[in-house]
Amino acid sequence: TVWMKTASDLTIYYLNTDNFSDDDKVQFIRHNELFSEGYSTPMLLVISNGKINFYQEGLTDTEHYIRFFESNGLINK
């Protein structure tokens with residue numbers, strides 16, 4: 001896991017699930033109902049106080065990610 005702090009004062013964690021062992025995958029899927037039917041990558045999760053508040057699955061462009069952050073109140077327009 002790698003982290004960095006962005007200019008908008010968000011902490012971003014990168015998790016490469018390709019490196020998961022079989023046990024890691026089972027634990028990851030069991031950890032949250034969102035993953036009960038599996039998950040796709042890339043996936044952007046907005047987590048606060050241990051709860052997934054918003055998520056975006058699939059690869060998209062930068063403008064879409066900016067709108068995602070804006071609409072969820074994470075950055076100002």
Do Y65 and E70 have side-chain heavy atoms sitting under 4.5 Å apart?
no
Distance-only check: which donor-acceptor pairs under 3.5 Å involve side-chain atoms of residues 20-31, not counting sequence neighbours?
| unit_1 | atom_1 | unit_2 | atom_2 | d |
| --- | --- | --- | --- | --- |
| S21 | OG | D23 | N | 3.4 |
| S21 | OG | D24 | N | 3.1 |
| S21 | OG | D24 | OD2 | 3.2 |
| D24 | OD2 | S21 | N | 3.0 |

Show every donor-acceptor pair shorter than 3.5 Å between a side-chain atom in residues 46-63 and any protein atom, with sequence neighbours excluded, or say none if there are none.
| unit_1 | atom_1 | unit_2 | atom_2 | d |
| --- | --- | --- | --- | --- |
| Q56 | OE1 | H64 | NE2 | 3.0 |
| E57 | OE2 | S40 | N | 3.4 |
| E57 | OE2 | S40 | OG | 2.8 |
| D61 | OD1 | E63 | N | 3.4 |
| D61 | OD1 | H64 | N | 2.8 |

Are any of the side-chain heavy atoms of L34 and Y39 separated by less than 4.5 Å?
no
In Å, rounded to the nearest 0.5 Å, how long is the span from CG of L44 to CG of N72?
9.0 Å
For N16, what residues pass the side chain to side chain contact (heavy atoms under 4.5 Å, CB included) criterion, not counting sequence neighbours?
Y14, D18, N19
